[in-house]
Each structure stands twice: as C-alpha cells, then as structure tokens.
2 protein chains.
Amino acid sequence: MTGTSPDYAAHLRDVGLRPTRQRVALARVLFGSGHRHVTAESLHAEVKATRIPVALATVYNTLNQFRDAGLLREVVVAPGRSYFDTNTGHHHHFFVEDDGELHDFPSDKVTIEGLPSPPKGTRLSRVDVVVRVRR
Amino acid sequence: MTGTSPDYAAHLRDVGLRPTRQRVALARVLFGSGHRHVTAESLHAEVKATRIPVALATVYNTLNQFRDAGLLREVVVAPGRSYFDTNTGHHHHFFVEDDGELHDFPSDKVTIEGLPSPPKGTRLSRVDVVVRVRR
DNA sequence: CAAGTACTTTAGAATAATTCCAAAGATGAA
DNA sequence: TTCATCTTTGGAATTATTCTAAAGTACTTG
Ligand SMILES: [Mn+2]
Ligand SMILES: [Mn+2]
Ligand SMILES: [Zn+2]
Ligand SMILES: [Zn+2]
C-alpha cells in the first residue's frame, strides 16, 4: 500500500456538502482510482455492489451536486447518453459511436485557433471537442 | 420571386426515400429557407401549422431517415436536447447554455491541430466543436 | 451529550424525449 | 388496376431524469 485513503468527508465539507454515508461512498468509488467516465446507472450499480444502500435518485442528486461543485464535469455525446467525468482538467474526448465508449485525450497538444468571439452579450464558458470515431 | 421551388420529391427519391406527402412537407420546411436547427417538437409544430397532418412519430422517423441519408446532422448539446441541423457542411457551434440557443460558425477560419490519432481499430467519423457560452 | 433544525435520502410518482407496435393508408412496379 | 411493399399513425412502451413528501441523519447550540 502506498498511501492513506483520502479524507472524502473533509473534501465534501470543503465544497459545502455534508459528508453523508452515501455521498462518501459515491466519492470513494468516483475518485478512489484513476479518472473515470460514469453514468448514473453504472455508478449506482457499482456503489450498491459495495453493500452501501443508495437510491438511484440519490446518485442523480449527488452527481448533479458534484458537478455544480466542480468535482465532476458532464459530457453529453448522444441523445440520452450523459457521462460524468472525474477528470475536470482541460482535455477532450474520443467517442466510439458503435459502443458508446469515451476516451480522454489531453488538450495540451491540441491547438484550436481562430475561434470567433462569442455572440454579443455572452462570455465563454467552455470549449468541448468530441472526436467521433467508428470501428 | 427569384427561382422555382426545388423538386423535393426528386431529392427524396435520390436518397432512396419515397416522396410521401409528409416527407415532402417536412423537407419543404426544413430546406426551404436558410440553414436551421430544429427539434422534433419544433418541426412538428411548424409543419402542422402548414395544415398538413403529420404525427410526431413520423417527424422522428423522418428526421432519423434524413440524418442517415446525410441530409441532416444531429447535434447533442445537453441531456435531452437534440437538434437537427440542416447545415451538413463543415462548421461548429456556439451553444448558449442559458436558453439553449445554437449558432453556427464556419470552420474554415478555425484551425484544430495536434489531434491524436483515433484509438486503434477505429476510424475518424467527425469532429464536433461546441463552444459553450453564458449570458 | 440532548434537542432541535436544517439538510438528505428514499420509494415511487411524474415528466420528457424517443421508440415501438400493429393496424390502416399510400406508393409504385407490373 | 392490382398487389406487394413501404409509410403513417395513435397510443402504449421505454428510458433517462426529476419531483414529492415522508422518514432519517448531520450539525449546531446549550
Ligand atoms: Mn445510462
Ligand atoms: Mn425538444
Ligand atoms: Zn474525460
Ligand atoms: Zn449548425
């Protein structure tokens, strides 16, 4: 073992969320290993497998809260297909259309130049690049 | 008046679709004026306003068929928010997060360099750039 | 630590977008 | 015209997500 497990309760308090049993369990699964792309359903299944009771509605609530708190980023790639991404840094995605897989790629090698300025009255929020590929 | 109205029936036959009354009506609304971003609902409302009876299911069927035939492109920007775009040429989008508006911008001024090669076993299908902005 | 209050979770109902179904209708090849 | 094939349609079904109101938990304060 290389390190102690992070103090998720403290992290949650930091962003203004009470460290409830289910929020901590969700955080553990989400942030315990490398970066991940999950759906509400897939995350729900995973957490239930850890024997901690969580309702699907709670998973949705929590994912939305984590997103709003900046802990997660939401990526929409197809109708009815919304992923939550634990990688909140600058990066883009490959989306494999056949099976719905999502893969990160770093944005530091990618240059996007010549973007027009935002429509008047608006300010830039984020630039999403999705590279769609097929098998 | 500057020109005769396009022969939508012929266009439809060209892509292997029977020129039914509703498909022609939908094509007319979709392609009769400049480029558009429509939802199934909005298009349904528009066509019904022309006094041609169309079921919402038919609008969905037709939009999917037109998309598969390459007459339309589908743009997904938010969960539950799918637009069909009559502009199938190379271009990208501004998405105004507050109100869901979508605006085109040409891709010819934009340079995207340094994209990594697609994951093995896949070939490139399309690159979508969505610039999210806020009011 | 005991209370009390505010915040959370939850099951299930509700919504919204989209697809499916089987029957009725339209299209076009012969 | 005839007939097989393709389309349309209303309504039910599906899927993703949100809402509701009641029951449970976390923090503040005394
Ligand atoms: Mn899912
Ligand atoms: Mn819509
Ligand atoms: Zn990612
Ligand atoms: Zn467009």
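Note on naming: letters A, B, ... go to the chains in the order of the sequence lines (proteins, then strands), and numbering restarts at 1 for each one.
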note: B:Leu56, atom CG; D:dT7, atom C1'; distance rounded to Å ~ 16 Å
Atom CG of A:Leu43 and atom C1' of D:dA16 are separated, to the nearest Å, by 15 Å
Here the pair of heavy atoms bringing A:Ile52 nearest to A:Ala25 is CD1-CB, 3.7 Å
Decide yes or no for A:Val127 and A:Ile112: does some side-chain heavy atom of the first lie under 4.5 Å from some side-chain heavy atom of the second? yes
Taken to the nearest whole Å, CD1/B:Ile52 to C1'/C:dA26 is 15 Å
Next on the checklist: Would you say A:Tyr60 places a side-chain N or O within less than 4.0 Å of OP1 or OP2 belonging to D:dT17?
Outcome noted: yes
Check: Any side-chain N or O of A:Arg13 under 4.0 Å from OP1/OP2 of D:dA26?
Finding: no
Quick one: does A:Arg18 reach the base of C:dT8 with a side-chain donor-acceptor pair under 3.5 Å? no
message: Just N and O in the side chain of B:Gln22: are any of them under 4.0 Å from OP1 or OP2 of C:dA26?
response: no
(message) Would you call the rings of B:His37 and B:His91 parallel, tilted or perpendicular, taking 30° and 60° as the class edges?
(response) parallel
query: Hey, is the side chain of B:Thr58 poking within less than 4.0 Å of OP1 or OP2 on D:dT9, counting only N and O atoms?
result: yes
note: B:Arg81, atom CZ; D:dT17, atom P; distance rounded to Å ~ 15 Å
Between CD of B:Gln65 and P of C:dT18 the distance, given in whole Å, is 16 Å
Between CG of B:Leu12 and C1' of D:dT7 the distance, given in whole Å, is 13 Å
According to a strict under-4.0 Å criterion, is B:Arg23 in side-chain N/O contact with OP1 or OP2 of D:dT7? yes
When rounded to whole Å, the CZ to C1' distance for the pair B:Phe66 and D:dT7 reads 13 Å
| Would you call B:Glu97 and A:Arg126 a salt bridge, taking side-chain N to carboxylate O under 4.0 Å as the test? | no
Atom OH of B:Tyr83 and atom P of C:dA17 are separated, to the nearest Å, by 11 Å
Ranking D:dA26, D:dC6, D:dG10 by distance to the side chain of A:Pro19, first place goes to D:dA26
From the candidates C:dT10, C:dA17, D:dT8, the one with an atom nearest any side-chain atom of A:Ala57 is C:dT10
Does the side chain of B:Asn61 get closer than 4.0 angstrom to OP1 or OP2 of C:dT18 through an N or O atom?
no
Ranking B:Arg21 and B:Glu74 by the position along DNA chain C of their nearest nucleotide, the one closer to 5' is B:Glu74
Is a side-chain donor-acceptor pair under 3.5 Å present for B:His93 with B:Asp104?
-> yes
Of D:dT17, D:dT18, C:dT27, the nucleotide closest to the side chain of B:Thr20 is C:dT27
